[in-house]
Amino acid sequence: MKSTILTIFLLVAAVFVLPFLMSPFLVYMITEVLIMGIFAMSLGLIMGFGGLHSLGHSAFFGLGAYTVVVLSQMVSSIYVLLLVAILIACAFAFVTGLIAIRSKGIFFLMLTFAFTQMLYLIFSQSGYWGGADGLGTSIKPNLGFVELTSPLSLFYLIGGFFILSYLLLRLFVNSPLGTGLQGVMENENRMIALGYNVRNYKVIAYIVAGGFAGLAGGLYAFKTQFASPDLFGVHMAATVIIMVYIGGMGTLFGPVLGAGIYIFLQNYVSTMTDRWSLIMGLIFIALVLFNRGGALHLIQLLIGKVSSYKLNVAKSKGVSLNELAKNKGTE
Amino acid sequence: MSLLKIKALNKSFKANHVLRGASLELSAGDRHVIIGPNGAGKTTFVNCIYGTIPLDTGEVILEDRAIHMMPSYKRVDLGIGRTFQKNNLFVNLTVTNNVYLALLSTKKYSMKAFKPLMLYEDVLEETDAFLKEWGMADRTDKKVNELSYGEQRVLEIILSLCSNPKILLLDEPTSGMSPSETASTIELIKKIPRSVSIIMIEHDMDVVFSTANKITVLHHGETIMSGKPEEIRGDKMIQEIYFGGGARTHA
């Protein structure tokens, strides 16, 4: 409980303070990190906690973005726009989830991929919604009492949504339902033996993940004022998987870290060389080969090393472990 | 009155006719052991009772209610629990988390999404009580893959007891155990309250005769004999086939 409150406090403080410390470009970039962070967290939920490896998660992101762009011609309230974006993403997740969840592993991956490709074809071939060129809009987030126009206010808005999403997902993961989901990933047969209806778990997780991806897509449309069929492309789907992997599966914060690393590399390394994706690829390979836990796990290892080093120093000085623990508690 | 009636089960896997009219009757409180040589269809028999695989023909009746068409998870609700021949646990989760998962299902909390698990006090308390009672209190934060094989078998039994089963199906609870682990498992099985009736598959004759009050012999998918341990032990034909002429070996 204490750690949760501390996390909330740190997140809010970080979002509030960051813009004062950074250049406008950096703020703009972190806005993107936060959006992709929500997106990657939602995929991390079904991959890291549900064992569902989806190559079609961009479908929900794209649907969210298109919903906001298309509807913004008629409605201006951000609540309505985002709510509809989430609902449409959830509905699509429900329908495709019921079908895809029947298969596992590579077959699940290919099915989700096929559904997303279907959307890609529909959106790029049809005459509505701009076809292959995509569709632009000019929409500012309208909160009802105020319309947000500056990039800074957009950052705060998205920061707020990010914190909300993180907390909701954390609640979900720590609830009985989330625990059950991990059980399903660990050992499906045993879950059945314990009396669980395993399919419901997967479908619910898939819908929740779809909803948050839809939210991320909707926010993305507010940021870029644009939606194109590329959002449904292979590249987008693979990008978010890479984010989850390099950040660290099985945690919520890992994928966010992954999104951060990916976008920073994309922006900074690409100013130095065109081959930035080569570097990304090498990092990806290195992490998969040597550290499955991803960057987050690497950081935890480092912190662990440092604290165990401190412990050793303390031991050599003759301080007992109990005292050290007491000190830690009072600090 | 019998608690569970299993009538004339038939099951084929393609050309392989595994069960040919196997039957069994279980009264409340029974310790009913199924023996038979390898390939007799014992595990298939248990799987059919439990619903892991569908049967071809036959009936499974639990307290006047036909359950053989129900999916497994509904049978669990009605009071059938099981353990598996090979350990079937959540190996990357801690011991407590394993028990949580079992209890959440029993208490119908499993679909709750908006309250952290750590705030369900009854689940936490019962988990503690279970682990204490079965001698696992000092293993709570260990991951299952850090436990010894015997401890994992104990956890198997704990998990299946969490669903308050009326009938517990134990599929070779002592398989792969050392003699001392086997001995403690016998004690464990004896400790299971009489309100839980047991159907058990077992090869080890020491375990069979120290726990069973009824024995059914399965051979080529047929029930060839069913009775009290003394009757089975005394039967000439059974002795010939399974006990190798009186020697106490593996059946």
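All chains are named by letter (A, B, ...) in the order of the sequence lines, taking the proteins before the strands, and each is independently numbered beginning at 1. These figures come from a predicted structure and were not determined experimentally.
- Contact record, B:Leu93 with A:Gln182: CD2-OE1, 4.4 Å, taken as the closest heavy-atom pair.
- More than 12 heavy atoms of other shown residues, nucleotides or ligands fall within 6.0 angstrom of atom CZ in A:Phe284.
- Taking both residues in full, the closest heavy atoms of A:Asn189 and B:Asn88 are given as CB-ND2, 4.1 Å, listed atom of the first, atom of the second, then distance.
- Nearest heavy atom pair, residue B:Leu104 against residue A:Thr179, reads CD1-CB, 4.5 Å.
- For B:Ser163, no part sits under 4.5 Å from any heavy atom of chain A, backbone or side chain.
- For chain A, no part of B:Val123 is nearby; none of its heavy atoms comes within less than 4.5 Å.
- Contact of the A:Ser175 side chain with the B:Leu117 side chain is not registered, since no non-hydrogen atoms from C-beta on lie closer than 4.5 Å.
- Both the backbone and the side chain of A:Met191 come within contact range of chain B, with heavy atoms under 4.5 Å apart.
- The salt bridge (Lys or Arg N to Asp or Glu O under 4.0 Å) search around A:Arg190 returns B:Glu156, not counting sequence neighbours.
- Within the 3.5 Å criterion, the main-chain N or O of A:Val198 finds no donor-acceptor partner in the side chain of B:Tyr73.
- In the displayed structure, A:Arg199 atom CZ is contacted under 6.0 Å by at most 12 heavy atoms of other residues, nucleotides or ligands.
- The two residues B:Leu159 and A:Leu194 have their closest heavy-atom pair at O-CD2, 3.9 Å.
- We find the NZ-CG distance between B:Lys74 and A:Asn197 to be 9.0 Å, quoted to the nearest 0.5 Å.
- The interface of residues 201-215 of chain A with chain B, defined by heavy-atom distances below 4.5 Å, comprises A:Tyr201, A:Ile204.
- The neighbour count for B:Tyr149 OH, taken as heavy atoms of other residues, nucleotides or ligands under 6.0 Å away, is above 12.
- Note that the CG atom of B:Asn98 and the CD atom of A:Glu186 stand 8.5 Å from one another [nearest 0.5 Å].
- Counting all heavy atoms, side chain and backbone alike, A:Gly183 lies closest to B:Phe90 at O-CE2, 3.3 Å.
- Counted within 6.0 Å of CZ on A:Phe9, heavy atoms from surrounding residues, nucleotides or ligands total 12 or fewer; the atom is thus considered open.
- Shown here is B:Met69, whose CE atom has no more than 12 heavy atoms of other residues, nucleotides or ligands within 6.0 Å.
- With a 4.5 Å cut-off on non-hydrogen atoms, B:Thr106 does not touch chain A at all.
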